[in-house]
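What you are looking at is a predicted structure, and each value in this text was computed from that prediction instead of being measured.
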Amino acid sequence: MTAVYLPVSERVLDKLADILFATDELLDMIHVEETVFDANTRAVENTANSVYRQVNELMKSLAD
């Protein structure tokens with residue numbers, strides 16, 4: 001329960017880091033040899049890359 005005592009900005013950064021980590025894992029799952037890159041896979045990859053970049057930029061701006 002120590003997270004309750006952290007400032008909101010630190011809790012937000014922590015959750016954003018969780019999103020970054022999950023997005024990175026998702027991209028790793030897509031980039032295995034067995035993956036067939038069809039339209040759906042490309043859409044997921046493009047969206048995940050976009051989310052990763054946006055969250056990363058948001059984290060940078062909040063951490064400054």
Side-chain angles (χ1 to χ4, degrees):
M1 284 294 251
T2 58
V4 174
Y5 300 107
L6 291 174
V8 172
S9 60
E10 292 205 20
R11 287 184 278 162
V12 168
L13 285 170
D14 184 58
K15 292 303 178 186
L16 290 172
D18 291 345
I19 295 169
L20 267 188
F21 183 72
T23 306
D24 190 52
E25 283 186 319
L26 189 142
L27 290 168
D28 284 346
M29 288 188 320
I30 291 173
H31 291 118
V32 294
E33 285 185 30
E34 299 84 22
T35 301
V36 175
F37 281 92
D38 58 9
N40 288 330
T41 308
R42 291 282 181 210
V44 169
E45 179 186 36
N46 291 338
T47 302
N49 277 320
S50 176
V51 168
Y52 188 93
R53 284 191 305 274
Q54 289 177 38
V55 170
N56 193 38
E57 288 302 315
L58 180 58
M59 286 182 72
K60 286 178 186 177
S61 68
L62 292 175
D64 292 341

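The minimum heavy-atom distance between Met29 and Val32, with the atom names listed, is O-CG2, 3.5 Å.
Partners of Ser50 by side-chain hydrogen bond (donor to acceptor under 3.5 Å, both in side chains), not counting sequence neighbours, listed by chain and number: Gln54. For Asp38, the side-chain hydrogen bond (donor to acceptor under 3.5 Å, both in side chains) criterion is met by Thr41, not counting sequence neighbours. The side-chain contact (heavy atoms from CB on, under 4.5 Å) check on Val36 picks up nothing, with sequence neighbours excluded.
Here the side chains of Val55 and Thr23 are not in contact, with every heavy-atom distance at 4.5 Å or above.
Here Leu26 sits in one hydrophobic cluster together with Ile30, Phe37, Val44; the rule is ILVMFWY side chains under 4.5 Å apart, joined directly or through other members.
Follow the hydrophobic side-chain contacts under 4.5 Å out from Leu58 and you reach Val8 in the same cluster. Transitive grouping of hydrophobic side chains (ILVMFWY, heavy atoms separated by less than 4.5 Å) brings Met59 and Val12 into a common cluster.
In this structure, the side chain of Asn46 engages the main chain of Arg42 through a donor-acceptor pair within 3.5 Å.
Residue pairs satisfying the side chain to side chain donor-acceptor pair (under 3.5 Å) criterion with at least one member in residues 27-37, sequence neighbours excluded, are listed as follows: His31-Glu45. Sorted by first and then second residue, the pairs that involve residues 48-58 and meet salt bridge (charged side-chain N to carboxylate O under 4.0 Å, His left out), not counting sequence neighbours, are Glu57-Lys60.
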Just distance, no hydrogens or angles: give the donor-acceptor pairs under 3.5 Å from side chains in residues 13-20, sequence neighbours left out.
none

